[in-house]
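Let me begin by presenting the structure, written as structure tokens, before commenting on it.
Below, chain A is the first sequence line, B the second, and so on; all start at residue 1.
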Amino acid sequence: MNNIDFQERLLAWYDNNKREMPWRDCGDPYKIWISEIMLQQTRVDQATPYFHRFMERFPTVESLAKADQQEVLKVWEGLGYYSRARHLHDASKLVAEEFDGTVPDNWDDITELKGVGPYTASAILSIAYQKQHAVVDGNVIRVLSRYLGIENDVRKTATKNAIQEAADERIPEERPGDFNQAVMELGATICTPSNPDCEGCPLQAGCVAYKKVKTEEIPYKSPAKKRPHHQIGVGIIMNEDEEVLIALRPEDAMLGGMWEFPGGKQEEDEDMEETVARELNEELGVEVAITKPFMKLDHAYSHFKITMHAYLCELENGTPSPNTSQEVRWISIDELEDYPFPKANRKLTKKLMNIDKGQQELEI
DNA sequence: CACTCGTGGGA
DNA sequence: TTCCCAAGAGT
């Protein structure tokens, strides 16, 4: 199958089978930019409700640029990879100030935006501005590795580079944005990781993996490393005014800009109560008494897993003063919902808020 | 180049 | 339960 057939079959299939998406075929570079950032390592169904809330709160580049980072992170809460939100916010300021509020339409300018790498630059330029840049994402890697019969490890950068070249050779001058979206749509709905629907695929006639019956072997991916599992102890410190102490995670750390209950990793031969007392002493310079266990939960981050043990605590001695420049704050239970918390900590705040409303008794 | 960085759904 | 992995970028 030559490039013309490849393009025509793919685009015809796309025209008849593409899913509706709130940012699709809108022609608005701002909406396309936001959607592409949200869609990084994120499924359409997961990003869609966030996209609606984001556009409602930040309908323009200027409104986003003027917003507080905390407000942006609050809208992003639960979507994960929070550096995307911080970088997007920073980039919006650059667009507002240096690009007159218009998303750049060329490679050199758009790649100056934080959070815009090769994929996102190509996606925005092709979809919003009809520029001939081929995207390579997980879908394209799967579709093209199967179609071309590439059996090399797709985790390797060299393999991805080869697929980028293959995509560059096939991106048409006409409808480059639709072509890119078509490959990704095919990968998401037909050429799926397991049990691909080869009978419904417009590219079956030229597909090497199909011909060799190797769709389960291609793409080859070297085994992932096992994620370590840590035990984490955190303290929910209450004061006489029914306030709770929360801490802001540093900008350059994991979950940067998000709030949490202070705590840390359990060390060897250490009781979990000891862990919490030690961590709060090291981080905040205070002595606490463990009142009672509050909640235990499992959570998986991108590259490690935790069991979080939360304890209600009372301040025995000292005033919380972080040894780093990390900010801490006493807030009422009602205010917890106004702050951006990552998933595991949000589970704790929900239980606190439920108890506070008297809807649930404390389980020990 | 290899590693870090969230979350949710499906096998 | 456990693992995979999904419209990647920054370091």
Side-chain angles (χ1 to χ4, degrees), chain A residues 18-19 21 23-24 32-51 73 76-88 90-91 110-124 126-128 133-143 153-161 163-164 167 177-189 191-196 216 219 221-229 249 251-258 260 298-307 340-347:
Chain A
K18 65 180 175 183
R19 295 169 291 178
M21 298 178 195
W23 52 84
R24 178 160 280 176
I32 292 165
W33 176 28
I34 302 302
S35 72
E36 289 300 341
I37 299 298
M38 286 188 173
L39 288 168
Q40 289 169 5
Q41 297 290 284
T42 306
R43 286 184 170 80
V44 170
D45 289 344
Q46 188 183 358
T48 297
Y50 283 88
F51 177 82
L73 285 172
W76 208 271
E77 181 187 299
L79 194 53
Y81 285 140
Y82 299 101
S83 64
R84 291 184 297 175
R86 290 185 279 105
H87 290 152
L88 175 60
D90 287 344
I110 203 168
T111 53
E112 286 184 19
L113 306 182
K114 289 184 182 177
V116 177
Y119 163 80
T120 306
S122 297
I124 297 172
S126 64
I127 298 170
H133 295 276
V135 301
V136 173
D137 74 328
N139 292 305
V140 178
I141 289 172
R142 188 168 53 257
V143 169
D153 185 358
V154 294
R155 286 189 195 278
K156 300 285 189 183
T157 303
T159 308
K160 294 177 188 173
N161 290 340
I163 292 174
Q164 177 75 62
D178 283 343
F179 176 88
N180 281 332
Q181 294 185 83
V183 185
M184 294 190 283
E185 193 81 344
L186 190 73
T189 62
C191 194
T192 49
S194 59
N195 306 316
E216 296 300 324
K221 218 167 197 176
S222 52
K225 281 193 289 186
K226 187 170 182 181
R227 292 183 290 186
H229 194 299
R249 293 188 57 82
E251 188 89 3
D252 57 350
M254 177 184 176
L255 305 171
M258 306 293 280
E260 67 177 1
D298 291 315
H299 187 71
Y301 295 107
S302 51
H303 60 295
F304 64 96
K305 295 180 279 190
I306 66 165
T307 299
F341 284 90
K343 196 66 186 182
N345 277 274
R346 177 52 79 198
K347 289 180 181 173

Mind checking [X] for me? I need base, sugar-phosphate or nothing, with any heavy atom below 4.0 Å counting as a touch.
X	answer
A188(A)	sugar-phosphate
R142(A)	sugar-phosphate
M258(A)	nothing
I37(A)	nothing
G78(A)	sugar-phosphate
T120(A)	sugar-phosphate
R249(A)	nothing

Would you indicate which nucleotide in [options] comes nearest to any side-chain atom of [X]?
X	options	value
R43(A)	dG10(C), dG6(B), dG8(B)	dG8(B)
Y301(A)	dT7(B), dA7(C), dC5(C)	dT7(B)
K226(A)	dC1(B), dC5(C), dC3(C)	dC3(C)
S194(A)	dC5(C), dA11(B), dA7(C)	dA11(B)
Q46(A)	dG9(B), dA7(C), dT7(B)	dT7(B)
P118(A)	dA9(C), dC5(B), dA7(C)	dA9(C)

Quick check: any donor-acceptor pair below 3.5 Å linking the side-chain of Y81(A) to the base of dG6(B)?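 Between dG6(B) and Y81(A), which were checked side chain against base, a qualifying N/O pair under 3.5 Å is present.
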Whole Å only: how far is the [atom1] atom of [X] from the [atom2] atom of [N]?
X	N	atom1	atom2	result
L39(A)	dG6(B)	CG	P	18 Å
K160(A)	dG8(C)	NZ	P	10 Å
R227(A)	dT7(B)	CZ	C1'	10 Å
I124(A)	dG8(C)	CD1	P	13 Å
D178(A)	dA7(C)	CG	C1'	15 Å
L88(A)	dG8(C)	CG	C1'	14 Å
R155(A)	dG8(C)	CZ	P	14 Å

Verify the contact: side-chain N or O of [X] to OP1 or OP2 of [N], cut-off strictly under 4.0 Å; return yes or no.
X	N	result
H299(A)	dG6(B)	no
K343(A)	dG8(B)	yes
H303(A)	dC5(B)	yes
K305(A)	dC3(C)	yes
K225(A)	dC3(B)	yes
Q41(A)	dA6(C)	no
T157(A)	dC1(B)	yes

With [atom1] as the reference atom in both, quote the distance from [N] to [M] in angstrom, rounded to an integer.
N	M	atom1	answer
dA7(C)	dA11(B)	P	15 Å
dG6(B)	dT2(C)	P	23 Å
dT11(C)	dC1(B)	C1'	11 Å
dT1(C)	dG8(B)	C1'	16 Å

What about the rings of Y301(A) and H303(A), do their centers lie closer together than 6.0 Å?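 That pair fails the under 6.0 Å test.
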Please determine, by modelled atom types, if T189(A) and R19(A) share a side-chain donor-acceptor pair under 3.5 angstrom.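 T189(A) vs R19(A): no donor-acceptor pair found between side chains.
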R84(A)-Q40(A) side chain donor-acceptor pair, cut-off 3.5 Å: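 Looking only at side-chain atoms, Q40(A) and R84(A) do not form any donor-acceptor pair under 3.5 Å.
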Using modelled atom types and a 3.5 Å cut-off, is there a donor and acceptor pairing between side-chain atoms of [X] and backbone atoms of [Y]?
X	Y	answer
Q164(A)	A134(A)	yes
E77(A)	F341(A)	yes
R86(A)	G256(A)	yes
N180(A)	H133(A)	yes

Upstream residue (5' side of DNA chain B) when A253(A) and K156(A) are each assigned their closest nucleotide: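 Taking each residue's closest nucleotide, the earlier one in sequence belongs to K156(A).
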Closest nucleotide of DNA chain C for V136(A) versus for P223(A): which of these residues is on the 5' side?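 This one resolves to P223(A).
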Could you report the tightest heavy-atom contact between Y50(A) and W76(A), atom names first, then the distance?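 Taking Y50(A) first and W76(A) second, the nearest heavy atoms are CE2-O, 3.8 Å.
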